[in-house]
Asks: 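Below you'll find the structure I mean.
Any value given below was found using the heavy atoms of this structure, including those in side chains, with hydrogens, waters and symmetry copies removed.
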Amino acid sequence: MRKHGIVCYLDVYGYSAAAAKDGTAEKAANNLFEMWKEISQSLTEEDGINYTAFSDSIFLGFDSQEKQPSLLFESEVTPTIQNLIGKAARYGYLLRGSAAYGEFLIYENVVGGDAVIRAHKNESITKTPLFHVPRPEITKINASSIDQLPFSYKEICTRNGGLMQ
C-alpha cells in the first residue's frame with residue numbers, strides 16, 4: 001500500500017484568521033467545503049493521484065512507479081498544482097505548500113511516510129502564499145532520474161525560519 005514518488009502538501013493561507021472573524025466561520029467553512037468538493041472532483045478524474053483533504057489542508061501523492069521522478073514532476077505535479085491554485089483563487093483562497101520526494105501512504109484520511117513528513121515540514125516554513133520545492137527535494141528527485149529537472153535555485157530570504165519575498 002505504501003508508494004514512492006512525490007508528495008505535495010498545500011494549506012489555505014489565512015483560512016483560520018478569516019474564519020475567526022465574527023459571523024464568518026460558517027460562511028468560510030461552506031466556501032471551503034465547496035472548493036474541496038470541486039478540487040476532489042477534478043483530482044478523481046486524474047489517474048494515479050492519491051489525495052486526502054481535511055480542514056484547510058490537502059495532501060497529494062504522485063506514485064512514480066516506472067516513471068522518472070523528474071518527468072513526473074514536470075508532466076503531472078506542476079500542472080496539477082497550478083490547477084489547484086487556480087481553483088482555490090476562484091473561491092477567494094490563496095494556497096501555500098511544498099513538495100517532497102520519497103515514500104508515502106495517502107489513503108482516505110490516513111497519511112504517512114517520510115515524504116509526507118517533509119512536505120508538511122517544508123510548507124510550515126513558508127510564510128507567504130507560494131508553492132516551494134526546497135533544493136534538497138530537487139536533489140533527491142534528480143538523483144533518481146536520468147533527465148534532470150531544469151530548475152535553478154534562488155533562496156529569497158529567511159527570517160525566523162520562514163521564506164519571505
Side-chain angles (χ1 to χ4, degrees), residues 1-65 67 69-134 136-138 140-141 161-163:
M1 194 170 256
R2 284 192 179 269
K3 298 181 179 183
H4 199 86
I6 299 170
V7 172
C8 301
Y9 173 73
L10 295 111
D11 185 65
V12 175
Y13 184 75
Y15 173 75
S16 296
K21 293 180 183 174
D22 289 337
T24 61
E26 187 175 342
K27 181 181 176 187
N30 288 337
N31 196 37
L32 185 70
F33 175 75
E34 291 301 319
M35 180 188 75
W36 284 145
K37 195 164 70 172
E38 181 180 338
I39 286 174
S40 175
Q41 185 175 10
S42 71
L43 291 173
T44 302
E45 295 167 1
E46 299 289 326
D47 190 34
I49 300 176
N50 299 96
Y51 70 93
T52 191
F54 49 89
S55 184
D56 65 335
S57 302
I58 189 168
F59 283 96
L60 306 170
F62 299 82
D63 191 5
S64 57
Q65 297 171 348
K67 300 174 189 167
S70 62
L71 298 179
L72 173 70
F73 191 86
E74 287 185 281
S75 67
E76 295 180 38
V77 175
T78 300
T80 300
I81 296 303
Q82 289 172 333
N83 185 21
L84 295 186
I85 289 171
K87 286 184 187 315
R90 288 198 304 275
Y91 285 87
Y93 293 123
L94 298 174
L95 300 179
R96 68 178 181 192
S98 188
Y101 176 70
E103 214 176 46
F104 69 90
L105 167 68
I106 299 173
Y107 180 73
E108 294 183 6
N109 292 327
V110 177
V111 296
D114 67 312
V116 168
I117 292 166
R118 287 195 324 280
H120 184 262
K121 180 182 174 190
N122 294 336
E123 181 276 338
S124 70
I125 65 167
T126 307
K127 303 297 182 192
T128 60
L130 59 86
F131 190 80
H132 169 215
V133 185
E137 299 302 333
I138 291 174
K140 286 179 193 296
I141 290 168
L163 295 175

Asks: Judged by atom type as modelled, is there a donor-acceptor pair below 3.5 Å linking the side chain of Ser98 to the main-chain atoms of His132?
Replies: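 It does hold such a pair.
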Asks: Could you walk me through whether Tyr93 and Leu32 pass side chain to side chain contact (heavy atoms under 4.5 Å, CB included), step by step?
Replies: CA-CA 9 Å; Tyr93 293 123; Leu32 185 70; 4.0 Å; yes
Asks: Is a side-chain donor or acceptor of Thr52 paired with a backbone partner of Phe59 at a separation under 3.5 angstrom?
Replies: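 No.
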Asks: Just by distance, do the side chain of Glu123 and the backbone of Leu10 share a donor-acceptor pair under 3.5 Å?
Replies: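 Judged by distance alone, no pair lies under 3.5 Å.
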Asks: Is it true that the side chains of Tyr51 and Thr44 contain a donor and an acceptor less than 3.5 Å apart?
Replies: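 Yes, because at least one side-chain N or O of Tyr51 sits under 3.5 Å from a partner of the opposite role on Thr44.
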Asks: Knowing that exactly one of Leu84, Val7, Ile106, Asn50 qualifies, which makes a side-chain contact (heavy atoms from CB on, under 4.5 Å) with Leu60?
Replies: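 Between Leu60 and the candidates, side-chain contact (heavy atoms from CB on, under 4.5 Å) is satisfied uniquely by Leu84.
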Asks: Suppose we screen for side chain to side chain contact (heavy atoms under 4.5 Å, CB included). Which residues come up paired with Lys27, at least two apart in sequence or across chains?
Replies: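 Result, side chain to side chain contact (heavy atoms under 4.5 Å, CB included) vs Lys27: none returned.
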Asks: Taking atom OH as the centre, does Tyr107 end up with more than 12 heavy-atom neighbours from other residues, nucleotides or ligands that are less than 6.0 angstrom away?
Replies: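 No.
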Asks: On a heavy-atom basis, which atom in Asn83 and which in Ser42 lie closest, and how many Å separate them?
Replies: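 Scanning both residues, the minimum pair turns out to be ND2-OG, 4.4 Å.
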Asks: Working note: Ile49 + Phe62, criterion side chain to side chain contact (heavy atoms under 4.5 Å, CB included); need CA distance, chi angles, decisive distance, verdict.
Replies: CA-CA 5 Å; Ile49 300 176; Phe62 299 82; 3.6 Å; yes
Asks: Donor-acceptor pair, distance only, cut-off 3.5 Å: does the side chain of Arg118 make one with the backbone of Ala100?
Replies: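 The answer is no, because no donor-acceptor pair under 3.5 Å joins these two groups.
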Asks: Does the side chain of Val111 come within less than 4.5 Å of Tyr9's, by heavy atoms?
Replies: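 Result no, sub-4.5 Å side-chain heavy-atom pair not found.
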Asks: Should the pair Glu34-Lys37 be classified as a salt bridge under the 4.0 Å nitrogen-to-oxygen rule?
Replies: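 Yes, Glu34 and Lys37 are salt-bridged.
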Asks: Do Ile58 and Leu43 make a side-chain contact, defined as non-hydrogen atoms from C-beta onward lying under 4.5 Å apart?
Replies: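 They are in contact (side-chain heavy atoms under 4.5 Å apart), so the answer is yes.
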Asks: Please confirm whether the backbone N or O of Asp56 pairs with a side-chain atom of Trp36, one donor and one acceptor, at under 3.5 Å?
Replies: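 It does not hold such a pair.
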